[in-house]
Amino acid sequence: MAWNSGQIAVAVIAVYLLVLIGVGVVSNRVFRGTAADYFVASRGIGPFVLLMSVFGTTMTSFAIIGSSAEAFKGGIGVYGKMVSWSGIFHSVCFFLVGVRLWSLGKRYGYQTQIQFFRDRFESDKLGLILFPALVGLVIPYLLMGVIGAASAIEAITAKAFVDQAWAGKNGGIPFWMGGAVVCTVTIVYVFMGGVRGAAWANTLQTVVFIVLGVVTFAVIANRLGGPVKATQQVAHYNPAHLKLGADTADDKVYEERMAEFEAGTSPIKPKHPVQIPPLVFMTYMFIPFSVAMFPHLFQHWLTAKSAKSFKLMLVAHPLLMMLTWLPCVLIGIWATSAIMPGGGASVIPPDFANANAVLPMMVNKLAPTAIGGLLVAGVLAAIMSSLDSQLLCVGSIFTNDIVNHYFSKDTLSDRTVVVLGRTFVVAMAIVTYLLSLWIPGTHVFRLGVWCFTGFASLAPLVFAALYWKRATKAGAYASILTAAVVGLFLFYRAYQETGLARGEEYLVWGMMPVTVSLAASTLALVVVSLLSKPPRPQTVDRFFEARC
Amino acid sequence: MKKVVWGLIVLLVVLHQDFWLWHRYEPLLFGFIPVGLAWHAGISVSAAVVGWLAARYCWPNDVDVDDNASPGGQASGPFDH
């Protein structure tokens, strides 16, 4: 009996998840049983695995599904907003922040961001306000991962279990089961191998989603008559999607194509030309600074074997981003004007509203069935490579910064710290899973965009900690509190004005909100630092004069 | 060289505002990549080149740490004990 597309997808997912468990088992065999090994892989990760684990951690399902969705809705602008800005500033953050933090982390034994900030800003209590800020920003991010993975599994396995009462939408694996499986597999390899397990799994997953993206692109381009023809179709029906700015000529083309569609002489319903305001395009530049404060990235940085391990990342990270995003953006643009091979109907139905389903639909209609199954493996790879690192870092923060530091005064044994770390990883995964069943998915995705704004608003803290001797404890508190107050205020205003609806970008004076919250937290840091007592000379020596 | 690298980063930020390409899509790179998208892909490649220059010529000489200098797993700062 021949398998249908859903059943093939189930088989691909099962094999893929078993391979990940295998990675966990292998990494467990080299686990040394110490906290340093569990949380920072004994600082022994080389350049290639460091690159792949950091890249996999920073890429989410948005890189594959979201990029094509945004290109389908608004054209090529998503690449400039998300990828080329990140290409410049992610590398800047890796160079200016990552390398220095690794160096200080190795010298003084830090395992979490909070340990570093407590020490640098001479404040034992700083962790008490950083902890809720960091964990509060990571949790929606975690939820996005679980909800994204469970939704993708349910959609792509449609028809696999049509006769079963427990099946989800269209006979696919139900949301609750998909989420439970993804969380369980992630727990297994993070529990067994700690950050080394996550780094190895991320390396595998990064290779998987890059290769599958390129393969999917080649197959779809071929089915559309080649990339040149696919783009020519867009130039004919939706030329504004090939540009950043629409003009009156695009409006005219839109009206002509719409008249043809309404007269029944064309299968493609054109999309209304959209233009990105230049100020919005420019102020997207502040979003990539969020990587400077991602706690899960901090943890990966600390795993590096040497400072030189970062060099490959500086060069390859922008290229890998391009390799991942460019094919998906092109597929999203082509989807606006694609006609089924042989003529006839459009590939994407007119008035198709669910942009996140554009890529799966292009694959389902244009590619062989097996590619659909492999696509879900690619999406899961992108999601799980972030999920594992985030679970591990939250577990690490709970263990090291709260329980061990505040409750046990750093007296816990190494073995107890590892047991606690594992326990918190499992507990956090369970809490995230239960929240994913309870919170409406769409709201979380909208919330996720604000997480980047929050992390970017905290970035002045880490730059000042590393490069400004005069930055003080009071300045640090002021910066964190200002970022929280301004960020929450803007979030509240956005919620009131747009309901956080997708497609409706909430702007402040025509700019991305991150511009205001970042400026406010920087100002608070500078002004309050200058007005308060400078750090002690020994602290300045420890972090500046006596640099390793 | 450090100033050159910083200058190149500023140049990339300026070049990112490609307002001169906003209202056209031709020429198409390889016949299918619109010029605006090709431009930003070029920014990604240029960022990699600047990253290489930074790693090659501006690498800080005070960041490598001897394995013996590390206290191991536990943090050793005055506020961690």
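Here is how names work: the chains are called A, B, and so on, in the same order as the sequence lines, proteins then strands, and each is numbered from 1. Not measured: the values here are computed from a predicted model.
Contact of Phe19(B) with chain A is not made at all, since no heavy-atom distance falls under 4.5 Å. Neither the backbone nor the side chain of Val49(B) comes within contact range of chain A; no heavy atom of the residue lies under 4.5 Å from a heavy atom of that chain. Proximity to chain B is limited to the side chain of Leu96(A), based on heavy atoms less than 4.5 angstrom apart. For Leu21(B), no part lies near chain A; criterion is any non-hydrogen pair under 4.5 Å. For a residue to count as touching a neighbouring chain, one of its non-hydrogen atoms must lie under 4.5 Å from one of that chain's; by this rule Leu330(A) touches chain B with the side chain only. At a 4.5 Å heavy-atom cutoff, Gln538(A) makes no contact with chain B through either its backbone or its side chain. Neither the backbone nor the side chain of Val40(A) comes within contact range of chain B; no heavy atoms are under 4.5 Å apart. There is no contact between Trp325(A) and chain B, counting heavy-atom distances below 4.5 Å. Contacts of Thr34(A) with chain B are absent, with no heavy-atom separation under 4.5 Å from either backbone or side chain. Interface residue Val92(A): only side-chain heavy atoms are found under 4.5 Å from chain B. At a 4.5 Å heavy-atom cutoff, the contact between Phe89(A) and chain B is made by side-chain atoms alone. Looking at Met321(A), there are no atoms closer than 4.5 Å to chain B (heavy atoms on both sides), in backbone or side chain.
Using a distance-only test at 3.5 Å, with no hydrogens or angles considered, a donor-acceptor pair links the side chain of His16(B) to the main chain of Gly80(A).
Between the side chains of Ser44(B) and Tyr79(A), at least one donor N or O sits under 3.5 Å from an acceptor N or O.
Residue with the most contacts toward chain B among Pro318(A), Gly87(A), Ala230(A), Ala235(A): Pro318(A) (heavy-atom pairs, distance under 4.5 Å). Among the candidates Ser42(A), Gly245(A), Ala316(A), the residue making the largest number of heavy-atom pairs closer than 4.5 Å to chain B is Gly245(A). Of the listed residues (Glu26(B), Arg24(B), Arg56(B)), the greatest number of heavy-atom pairs within a distance under 4.5 Å of chain A belongs to Arg24(B). Note on Lys308(A), His317(A), Lys229(A): by heavy-atom pairs under 4.5 Å with chain B, the leading option is Lys308(A). When each of Gly77(A), Ala246(A), Pro239(A), Ser91(A) is scored by its heavy-atom pairs under 4.5 Å with chain B, the top score falls to Ala246(A). When the candidates Leu12(B), Val13(B), Val45(B), Asp18(B) are compared by the number of heavy-atom contacts under 4.5 Å with chain A, Val13(B) comes out ahead. The most heavy-atom pairs under 4.5 Å with chain B, out of Val99(A), Val83(A), Thr112(A), Asp37(A), come from Val99(A). The candidate with the highest count of non-hydrogen atom pairs below 4.5 Å against chain A, out of Ala55(B), Ala54(B), Ser46(B), is Ala55(B).
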(message) If you apply the rule salt bridge (Lys or Arg N to Asp or Glu O under 4.0 Å), what do you find for Arg100(A) with Asp62(B), and how did you get there?
(response) CA-CA 9 Å; Arg100(A) 288 275 168 214; Asp62(B) 59 351; 3.0 Å; yes

(message) Determine whether Val228(A) and Leu28(B) satisfy the following criterion, side chain to side chain contact (heavy atoms under 4.5 Å, CB included), listing intermediate values before the conclusion.
(response) CA-CA 9 Å; Val228(A) 173; Leu28(B) 294 162; over 6 Å; no

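Using a 4.5 Å heavy-atom threshold, the side chains of Ile88(A) and Val50(B) count as separate. Residues Trp39(B) and Ser84(A) are not in side-chain contact: their nearest non-hydrogen atoms beyond the backbone lie 4.5 Å or more apart. Within the 4.5 Å cutoff, the side chain of Tyr25(B) has no heavy atoms near those of the Ile76(A) side chain.
Here Gln17(B) contributes atom CD and Met282(A) contributes atom CE; the two are 6.0 Å apart, rounded to the nearest 0.5 Å.
Shortest non-hydrogen contact noted between Pro34(B) and Leu242(A) is CB-O, 3.4 Å. In this structure, Val63(B) and Ala307(A) approach most closely via the heavy-atom pair CG2-CB, 3.7 Å.
Between Phe281(A) and His40(B), the ring center distance clears the sub-6.0 Å criterion.
The side-chain tip of Lys311(A) points at the ring of Trp59(B) from less than 6.0 angstrom away and within 45° of straight on.
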